Amino acid sequence: MKDVLTQLGDILEQRKAATAEKSYVASLHEKGLNKILEKVGEEATETILAAKDAQVSRDNSDVIYETADLWFHTLVALSHLGERPETVLNELARRFDMSGIEEKASRADK
Ligand SMILES: N=c1c2ncn([C@@H]3O[C@H](COP(=O)(O)OP(=O)(O)OP(=O)(O)O)[C@@H](O)[C@H]3O)c2ncn1[C@@H]1O[C@H](COP(=O)(O)O)[C@@H](O)[C@H]1O
């Protein structure tokens, strides 16, 4: 079974050819990169506010919801630029591998 990000990446690809009236993602592509980035900024602000509220209320449900909105809109921005979610996972994996190498090197120095 395909993972969530791969499935979402496939849907975002398909929505590039969809009609804006029927699809939120297609409507964002039609409005262009500036509108998509505006949504990324809005969702980032909403995530920050929800995280601050969560610290007080000790309820993380809103911050999880807003983070999903933020991740989603960053993926739409990447899709608009021709990139898939896997490219970000690959970059994170590369950093993970690098830190693994550094950890081994520091152990070898001791
Ligand atoms: N994951 C999401 C997703 N997360 C958030 N959103 C939408 O993102 C918007 C969030 O913006 P806001 O909270 O500011 O709400 P809003 O007032 O409606 O937004 P604006 O009018 O300001 O643009 C809402 O309209 C949500 O419905 C999403 N819309 C779609 N998806 C995925 O994308 C797929 C394709 O969607 P369509 O293109 O609509 O078919 C879907 O199957 C889902 O898997």
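This is a predicted model, so every value here is computed, not measured. These values consider heavy atoms only, across backbone and side chains, with no hydrogens, waters or symmetry-generated copies. Whatever order the structure lists them in is the order used to number ligands and atoms, beginning at 1.
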Could you pull out every N or O of ligand 1 that sits under 3.5 Å from a protein N or O, with the distance for each pair?
unit_1	atom_1	unit_2	atom_2	d
ligand 1	11 (O)	Lys39	NZ	3.2
ligand 1	11 (O)	Glu43	OE2	3.4
ligand 1	14 (O)	Lys39	NZ	2.6
ligand 1	19 (O)	Lys39	NZ	3.2
ligand 1	22 (O)	Lys39	NZ	2.9
ligand 1	23 (O)	Lys39	NZ	3.3
ligand 1	38 (O)	Arg15	NE	3.4
ligand 1	38 (O)	Ser23	OG	2.5
ligand 1	38 (O)	Tyr24	N	3.2
ligand 1	38 (O)	Val25	N	2.9
ligand 1	39 (O)	Tyr24	N	2.9
ligand 1	40 (O)	Arg15	NE	2.9
ligand 1	40 (O)	Arg15	NH2	3.1

Q. Can you check side-chain contact (heavy atoms from CB on, under 4.5 Å) on Leu28 and His73, steps first, answer last?
A. CA-CA 10 Å; Leu28 283 179; His73 285 90; 3.9 Å; yes
Q. So, Thr6 and Asp3: side-chain donor and acceptor under 3.5 Å apart, yes or no?
A.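 There is such a pair between these side chains.
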Q: Test side-chain contact (heavy atoms from CB on, under 4.5 Å) on Phe72 and Leu12 and set out the steps.
A: CA-CA 10 Å; Phe72 170 73; Leu12 294 183; 4.1 Å; yes
Q: Begin from the C-alpha positions of His29 and Tyr24 and carry the test ring pair (Phe, Tyr, Trp, His ring centres under 6.0 Å) through to its verdict.
A: CA-CA 9 Å; His29 284 305; Tyr24 175 70; over 10 Å; no
Q.
Quick test of your reading of the model: are Asp69 and Lys39 salt-bridged, counting only N-O distances below 4.0 Å?
A.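 Answer for the salt bridge query: no.
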Q. Do other residues, nucleotides or ligands put more than 12 heavy atoms under 6.0 Å from the CD atom of Glu42?
A.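 Counting other residues, nucleotides and ligands, CD of Glu42 exceeds 12 neighbours.
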